[in-house]
Chemist: 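The structure is given below, and queries will be raised subsequently.
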Amino acid sequence: MNEVVRKINIDNRTIRLTKPDNYSFAECNKFLDRGYDDCLYTLEENRVLKPLKFHGKKTLISVSDDADNLVVEVLLGDLRRDELKKVGRFVSLWFDLERNLKPFYQLLNQDERLSYMVERYHGLRLMGIPDLFEAMCWCVIGQQINLSFAHSVKRQLVEKYGSYLKYEGQRHYLFPKPEILAGLSVEALRELQFSRRKAEYTIGIARQFAEGMLSKSALVEMENTEQMLSTLLDVRGVGPWTANYVLMKSLQRPDCITYGDTGLQSSLSALLGLDRKPTSEEVESFFDPFSGWESYLNIYLWRSLH
DNA sequence: CCCCAGGGCCATA
DNA sequence: TATGGCCATGGG
């Protein structure tokens, strides 16, 4: 699926990615603009700014759209043509442009409890976190705490240990490198309101990345989601929720369910008319008709919460 | 002051 | 194998 790179049109510092069918820039941006203080991108009127790094070279991009394209502009950094292609590839992953949603919408239409989603959330895609290390740290931070506090902890971490680019007087932060976090003490992270456990998990994960024990490229090589899950579950601090979340958001795996997720559970309780959390069997059977589209059902159920 | 947030580890039986 | 306590803190 991700082998195919979208048709892109590179013109100096501008990259145009043709919009796929069933795509809505506004719906995707609504996800980015849920009212949380995210430090890794900046929303403006009609565009999103994000800093990126490609083997040591930093750049700042803006993403907006016109009638037919996502329009990516390079605001900072001199990039060669092949590097511009990588920028296009990043945005394509970030907005999940390569996926054909038609089969998913056909499945939604077959369930009268869900068919309303096809129109109401039309064109919403799985907004990714392409950096696996960042995705895993974000999961650890977010475990069992409310999202606004999680964002506050992430910001403290990023502002203290990340790097940044300056553009029009504003700082645009990049997530800290594994090598930096790998060398920290538990106490250093506790100062940033990490719990002791989460500090240990984060440092442990950073060490595995720094030493090459864990990498996105190694996971991508694997045959199926099952193998990737079992690799991730061996990491301390990674349980079923984190492993599935990461595979969905960072590797674009289509068949993941964030078991244990409170948002997922409450949306299913409402749909099934329960006054309690659904059991894991009830979750399984609900997802059963959506084989190969579990990740998308998962994010559309999240979307239905607000 | 209570409960619970986009969980997971660890001690106990 | 299963169950319950614990963690950090802010918001409802």
Side-chain angles (χ1 to χ4, degrees), chain A residues 28 30-41 121 124-129 131-132 134-160 175 184-208 214 229-251 253 256-271 274-281 283 286-287 294-306:
Chain A
C28 294
K30 208 173 289 175
F31 173 82
L32 296 176
D33 192 13
R34 288 170 299 162
Y36 296 113
D37 172 38
D38 200 300
C39 55
L40 296 175
Y41 57 82
Y121 311 141
L124 171 64
R125 283 171 185 261
L126 203 177
M127 295 299 293
I129 306 176
D131 179 345
L132 177 64
E134 175 195 326
M136 291 182 73
C137 292
W138 172 233
C139 281
V140 168
I141 290 171
Q143 287 167 4
Q144 187 58 20
I145 58 176
N146 64 66
L147 274 175
S148 42
F149 179 49
H151 281 89
S152 149
V153 172
K154 181 168 84 165
R155 178 175 284 282
Q156 294 181 68
L157 178 73
V158 168
E159 291 189 349
K160 180 131 188 176
F175 196 78
L184 297 181
S185 65
V186 169
E187 289 67 32
L189 287 181
R190 294 207 60 189
E191 286 176 19
L192 311 183
Q193 297 182 292
F194 279 67
S195 66
R196 172 167 295 280
R197 278 277 157 72
K198 287 185 180 183
E200 292 170 4
Y201 301 161
T202 302
I203 293 165
I205 289 168
R207 285 189 180 150
Q208 293 208 43
L214 204 52
L229 281 174
S230 99
T231 302
L232 288 169
L233 288 170
D234 284 341
V235 179
R236 185 162 177 262
V238 176
W241 179 83
T242 299
N244 280 284
Y245 184 99
V246 157
L247 288 182
M248 172 186 312
K249 300 278 281 189
S250 194
L251 284 89
R253 298 300 300 172
C256 297
I257 302 172
T258 54
Y259 294 102
D261 182 90
T262 52
L264 181 62
Q265 289 173 336
S266 66
S267 69
L268 282 185
S269 296
L271 270 171
L274 305 173
D275 56 356
R276 51 169 175 78
K277 289 182 188 172
T279 64
S280 56
E281 289 77 18
V283 177
F286 189 86
F287 275 81
E294 290 90 342
S295 302
Y296 258 83
L297 180 56
N298 205 124
I299 68 157
Y300 272 63
L301 289 171
W302 275 333
R303 177 67 179 82
S304 72
L305 289 170
H306 47 87

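Protein chains get the first letters and strands the later ones, always in sequence-line order, with residue 1 at the start of each.
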Chemist: My understanding is that only residues two or more places apart in sequence, or in another chain, count here; which of them pass ring pair (Phe, Tyr, Trp, His ring centres under 6.0 Å) with A:Phe194?
Modeler: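 A:Phe194: no ring pair (Phe, Tyr, Trp, His ring centres under 6.0 Å) contacts found.
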Chemist: With sequence neighbours excluded, what pairs up with A:Lys198 under the salt bridge (charged side-chain N to carboxylate O under 4.0 Å, His left out) test?
Modeler: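 Salt bridge (charged side-chain N to carboxylate O under 4.0 Å, His left out) list for A:Lys198, sorted by chain: empty.
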Chemist: I'd like to check the salt bridge (charged side-chain N to carboxylate O under 4.0 Å, His left out) partners of A:Glu191; sequence neighbours left out, ordered by chain and number.
Modeler: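 Checked A:Glu191 against salt bridge (charged side-chain N to carboxylate O under 4.0 Å, His left out); zero matches.
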Chemist: Is there side-chain contact between A:Met136 and A:Leu232, with at least one heavy-atom pair below 4.5 Å?
Modeler: yes
Chemist: Without decimals, in angstroms, what is the distance between A:Leu264 CG and B:dC4 P?
Modeler: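 In whole Å, B:dC4 P and A:Leu264 CG are 19 Å from each other.
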Chemist: Are any protein N/O atoms closer than 3.5 Å to N/O atoms in nucleotides 2-6 of chain C? If there are, list each pair with its distance.
Modeler:
none

Chemist: In whole Å, what is the span from the OH atom of A:Tyr259 to the P atom of B:dG7?
Modeler: 16 Å
Chemist: What is the distance, rounded to the nearest whole Å, between atom CG of A:Asp37 and atom P of C:dG10?
Modeler: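 Rounding to the nearest Å, CG of A:Asp37 and P of C:dG10 are 14 Å apart.
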Chemist: Can you check whether A:Phe287 reaches A:Leu301 side chain to side chain, under 4.5 Å on heavy atoms?
Modeler: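 They are in contact (side-chain heavy atoms under 4.5 Å apart), so the answer is yes.
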Chemist: Scan A:Thr262 against the nucleic acid and name what it touches under 4.0 Å (heavy atoms): base, sugar-phosphate only, or nothing.
Modeler: sugar-phosphate
Chemist: Checking A:Asp234 now: which residues fulfil salt bridge (charged side-chain N to carboxylate O under 4.0 Å, His left out) with it, not counting sequence neighbours?
Modeler: none
Chemist: Could you list the residues that satisfy salt bridge (charged side-chain N to carboxylate O under 4.0 Å, His left out) with A:Arg276, not counting sequence neighbours?
Modeler: A:Glu282
Chemist: Mind checking whether A:Ile129 and A:Val246 have side chains closer than 4.5 Å, heavy atoms only?
Modeler: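 The answer is no; the side chains never approach within 4.5 Å.
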Chemist: Specify the residue among A:Leu233 and A:Gly142 whose closest nucleotide of DNA chain B lies further upstream toward the 5′ end.
Modeler: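 So the residue in question is A:Gly142.
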Chemist: Residues two or more places apart in sequence or in another chain: which of them pass side-chain hydrogen bond (donor to acceptor under 3.5 Å, both in side chains) with A:Arg236?
Modeler: A:Glu200
Chemist: Nearest whole Å is fine: how far is B:dG7 C1' from A:Lys277 NZ?
Modeler: 10 Å
Chemist: What are the residues of residues 144-157 of chain A, sorted by number, that bring a heavy atom to within less than 4.0 Å of DNA chain B?
Modeler: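 Result for residues 144-157 of chain A: A:Gln144, A:Ile145, A:Asn146, A:Leu147, sorted by number.
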Chemist: Go through A:Leu271 and A:Phe286 one step at a time and tell me if the side-chain contact (heavy atoms from CB on, under 4.5 Å) criterion holds.
Modeler: CA-CA 10 Å; A:Leu271 270 171; A:Phe286 189 86; 3.9 Å; yes
Chemist: Just the rounded figure in Å: distance from P of B:dG7 to CG of A:Leu232.
Modeler: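 Checked: the CG to P distance equals 17 Å.
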Chemist: Starting at CZ of A:Phe194 and ending at P of B:dG7, how long is that distance when rounded to a whole Å?
Modeler: 16 Å
Chemist: For DNA chain C, write out the stems as range with range, using runs of 3 or more consecutive Watson-Crick or G-U pairs with both distances under 3.5 Å.
Modeler: B:2-5 with C:9-12, B:7-13 with C:1-7
Chemist: From CG of A:Leu189 over to P of C:dT9, roughly how many Å is that when rounded to an integer?
Modeler: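 Between P of C:dT9 and CG of A:Leu189: 13 Å.
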Chemist: According to side chain to side chain contact (heavy atoms under 4.5 Å, CB included), who are the partners of A:Asp261, at least two apart in sequence or on a separate chain?
Modeler: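 For A:Asp261 the side chain to side chain contact (heavy atoms under 4.5 Å, CB included) partners, ignoring immediate neighbours, are A:Trp241, A:Thr258, A:Leu264, A:Trp302.
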Chemist: Counting only heavy atoms and a strict 4.0 angstrom limit, can you tell me which residues of residues 295-306 of chain A come near DNA chain C?
Modeler: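 Nothing qualifies; none.
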Chemist: At less than 4.0 Å, is any side-chain N or O atom of A:Arg236 found next to OP1 or OP2 of B:dC10? Yes or no.
Modeler: yes
Chemist: Any pair with a residue in residues 139-157 of chain A that passes salt bridge (Lys or Arg N to Asp or Glu O under 4.0 Å), sequence neighbours left out, goes on the list, sorted by first then second residue, please.
Modeler: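 Applying salt bridge (Lys or Arg N to Asp or Glu O under 4.0 Å) to every pair that reaches into residues 139-157 of chain A, excluding sequence neighbours, yields A:Asp37-A:Arg155, A:Asp38-A:Lys154, A:Arg155-A:Glu159.
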Chemist: Measuring only between side-chain heavy atoms, which start at C-beta, is A:Leu305 closer than 4.5 Å to A:Ser266?
Modeler: yes
Chemist: Checking A:Arg197 against A:Tyr201: charged group under 6.0 Å from the ring centre and within 45 degrees of the axis?
Modeler: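 No.
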Chemist: Mind calculating the distance between CD (A:Gln143) and P (B:dC4) to the nearest angstrom?
Modeler: 19 Å
